[in-house]
Amino acid sequence: MNNSARIDQIIATHAGREGPLLPILHDVQKEFGCVDAEAEAQIAHGLNLSRAEVHGVVSFYHDFTAAADPRAVVQICRAEACKARGVEALIGAAEAAAGGRVRISTVYCLGLCSVGPNARVGSDLHARLDEAALVKLVQSA
Ligand code: FES
């Protein structure tokens, strides 16, 4: 199955639901590592939207990228509870440890608010992070 056929399949999976665009974009991003211009056009056609409407959503959310990024990703929660638990003071050390090898991304709540600061690598959640633990996590990503 080529990418185009698979994207058609993803569109068909979500087309009947309310607000299908975001779930489609998430599935395409997850499966192909990006939502490129070709995918945007195909999704627009499949949902009877303009290309600009789809591109507007893709470019608004940091979850979607136009090209695949081969780097490991560490998602750090910067929502209120993690902020109250000091996550902002850890960001600089995480970015320094990441260098160009790891991509640090911001997410807003990982559902573990009472045990923050929290981060996610792949599907693994990491809680109660201090600077040393976060740096170690970034270095091992
Ligand atoms: S605020 Fe960080 S996990 Fe909810």
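Start at 1 and go down the list; that is how both ligands and their atoms are numbered.
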Taking only heavy atoms of [X] into account, list the atoms of ligand 1 that are under 4.0 Å away from them.
X: A79; answer: 1 (S)
X: G111; answer: 3 (S)
X: L112; answer: 3 (S)
X: N118; answer: 3 (S)

TODO: Considering heavy atoms of the protein only, find what lies nearest to atom 3 (S) of ligand 1 and give residue, atom and distance to 0.1 Å.
DONE: L110 N, 3.2 Å

Open item on the list: Just to confirm my output: which protein heavy-atom neighbour is closest to atom 4 (Fe) of ligand 1, and how far is it?
Closed with: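 Ranked first by proximity to atom 4 (Fe) of ligand 1 is C113 SG, 2.3 Å.
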
Task: Pairwise side-chain contact, L112 with L125, heavy-atom cut-off 4.5 Å (strictly under) - done: yes

Task: Pair Q29, T65: side-chain N/O donor-acceptor within cut-off below 3.5 Å - done: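 There is such a pair (donor and acceptor under 3.5 Å, judged by atom type) between the side chains of Q29 and T65.
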
Open item on the list: Any donor-acceptor pair under 3.5 Å linking the side-chain atoms of N118 with those of H126?
Closed with: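 Side-chain D/A pair, H126 to N118: absent.
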
- [ ] Rounded to the nearest 0.5 Å, what's the gap from CZ on R6 to CD on E31? Could you check?
- [x]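 One gets 4.0 Å once the value is rounded to the nearest 0.5 Å.
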
Task: atom 2 (Fe) of ligand 1 to nearest N/O/S of C109 less than 2.8 Å - done: no

TODO: Mind running side-chain contact (heavy atoms from CB on, under 4.5 Å) on V138 and V135 for me, showing each step along the way?
DONE: CA-CA 5 Å; V138 170; V135 165; 5.8 Å; no

Task: Backbone N/O of S4 and side chain of Q42: donor-acceptor pair under 3.5 Å - done: yes

Task: Opening angle between SG in C77 and SG in C82, taken at atom 2 (Fe) of ligand 1, to 10 degrees - done: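 So the angle at the metal works out to 100°.
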
